[in-house]
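Start at 1 and go down the list; that is how both ligands and their atoms are numbered.
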Amino acid sequence: MLKKTEEFLINNYNVNEEAFKLYKQAIKDTEEIFIEYDEIREYNQLKVLKAFQDEKISESHFTNTTGYGIDDLGRDALDRVYARIFKTEAGLVRPHFVSGTHAIGAAIMGNVRPGDKILCVSGMPYDTLLGVLGLTNKKNIGSLDEYGIQTDVIALDEQGKFKFDEIKNTLKNDKAIKLIHIQRSTGYASRKSFLIEELEKVIKYIREVREDVIIFVDNCYGEFIESIEPTEVGADLMAGSLMKNIGGGIAPGGGYIVGKKEYVEQASYRLTVPGIGGEYGATYGLMRSLYQGLFSAPHVSIEAVKTAIFCARVMELAGFKGFPASTDKRTDIIQAIEFGDPKRLIQFCNGIQAGSPIDAFAVCEPWAMPGYDSEIIMAAGAFISGSTIELSADGPIREPYIAYIQGGLNFDHGKIGVLLGLSKVLDIK
Ligand SMILES: *Cc1c(COP(=O)(O)O)cnc(C)c1O
């Protein structure tokens, strides 16, 4: 580290002395781990570059349509660029998806009919999808459940792995199952995320039992962390958020769906309405940022992974348990750290906040967020509201007091945020 950098940090920020020592150690410890991710980044950058070139993307694709948005050149070409990157027949990339949940919801809702069943094989889906499927204890107005589409959930085993036998038996015995839901990333569950090789295994297994089911993967937080994506190992349909990896921190919002043409089309009728699908939808001048975000995404996603690995390491050195561990192979950008006490969790989040480019002066406090049963603390000082490809940390105020840390548009900033987080924790004593 440049002496100047060190002095600047010490002189301008409240850096705890012990935290700073661990920080410098963690930088050394993680250097070698990063090499592998740099290679993945380079490969994915090439993949994205080639897709742009093959689609002959030009300035004329930075469209600024209004009204119905029929024949929006830029929008339609971006669908094809995504399809090339994910090796699928079709793509549907839209700023009109209000979030990842919306894109995932449209993908699922478009491809089931009354009487069909959905089977979740990676345990309970992410919190916000429970309302879509009708899995919460409350009445879920408008959910698939209300339309006579039932969802069954097969929990993971104690090691957080797929229960292959139970999946097979359920699929064999229940011919109403039309769609399989698999979630790559952990969400707020305490299991590991699924590596592509694990997804491949379960997808192939399902295929052997049943040819006819649609295999859907929730790819949130997973894009560009490995050199291939779930659609390259047999997933039929996949969706995610542009406020995470693939928006590259530049897309102002939106979501995407990629997969087999027929399934993407069905999904498009739930983004708009049957008969219109993806053919309408003005993009109001947003196309350039969707393209630019995608172009940056391989780089930015790996910067975020480095921040996560660094965070795991420095917190390990400080005696905290994290998952994944710093040396574990990654398939998403999430890092969980267990604080074991509410004060430390809150302090850590406040350190992340203090290190943000936006709203660094704000103090984080736990609050009763709608839809959650305990109070939640959230640190986010982002250019795009709620964007989690930007450095952010959050966690429920309940045992064992875990913070979920993700994002970081660049590692130089990410590691400072983590340093300030740890500083505030060690300051408590
Ligand atoms: C973030 C996330 C979602 C939902 O995305 P939003 O943009 O927050 O709606 C769904 N599934 C997983 C695994 C996620 O991490």
Side-chain angles (χ1 to χ4, degrees), residues 92-109 118 120-133 135-136 143 151 153 156 160 180-196 198-199 216-226 229-230 235 237-249 251-258 267 270-271 290 293 297 301 304-305 308 323-324 330-336 369-372 376 378 380 382 384-396 402-407:
L92 184 73
V93 187
R94 292 294 184 280
H96 312 100
F97 283 122
V98 299
S99 66
T101 305
H102 185 189
I104 295 163
I108 295 175
M109 289 191 281
I118 297 164
C120 302
V121 299
S122 51
M124 268 298 190
Y126 188 76
D127 303 54
T128 55
L129 285 155
L130 302 180
V132 176
L133 300 168
L135 291 177
T136 72
S143 70
T151 300
V153 178
L156 297 168
I180 306 283
H181 165 279
I182 306 172
Q183 186 180 304
R184 176 174 176 183
S185 179
T186 45
Y188 289 126
S190 47
R191 61 152 166 105
K192 279 191 188 162
S193 297
F194 290 111
L195 300 172
I196 299 285
E198 294 173 288
L199 295 177
F216 169 82
V217 173
D218 171 350
N219 202 34
C220 279
Y221 288 130
E223 299 90 2
F224 302 133
I225 306 306
E226 297 195 49
E229 300 287 342
L237 187 65
M238 191 165 80
S241 168
L242 303 197
M243 287 170 279
K244 297 177 181 174
N245 307 20
I246 200 159
Y256 76 93
I257 298 174
V258 289
R270 285 293 165 274
L271 165 64
L290 266 55
S301 303
V305 165
F323 54 89
R330 308 256 162 173
T331 190
D332 68 16
I333 64 169
I334 315 282
Q335 180 62 45
M369 201 170 145
Y372 293 85
I376 306 271
M378 278 194 174
I384 289 158
S385 182
S387 161
T388 43
I389 186 60
E390 299 183 53
L391 186 62
S392 47
D394 48 68
I402 293 174
Y404 296 88
I405 298 123
Q406 61 270 312

Nearest heavy-atom contact between P125 and L135 is CD-CD1, 4.1 Å
Is there a donor-acceptor pair under 3.5 Å between the side chain of D332 and the backbone N or O of G222? no
Measuring from S301:OG to I389:CD1, what's the distance to the nearest 0.5 Å? 4.5 Å
Output for ligand 1, non-hydrogen cut-off under 4.0 Å, lists S99, G100, T101, I104, Y126, Q183, D218, C220, Y221, S241, K244
Taking every non-hydrogen atom, the tightest pair across L156 and V121: CD2-O, 3.8 Å
Test item: T331 side-chain N/O and S193 main-chain N/O as donor-acceptor pair under 3.5 Å: no
Verify whether one side chain among T388 and Y221 offers a donor that lies under 3.5 Å from an acceptor in the other. yes
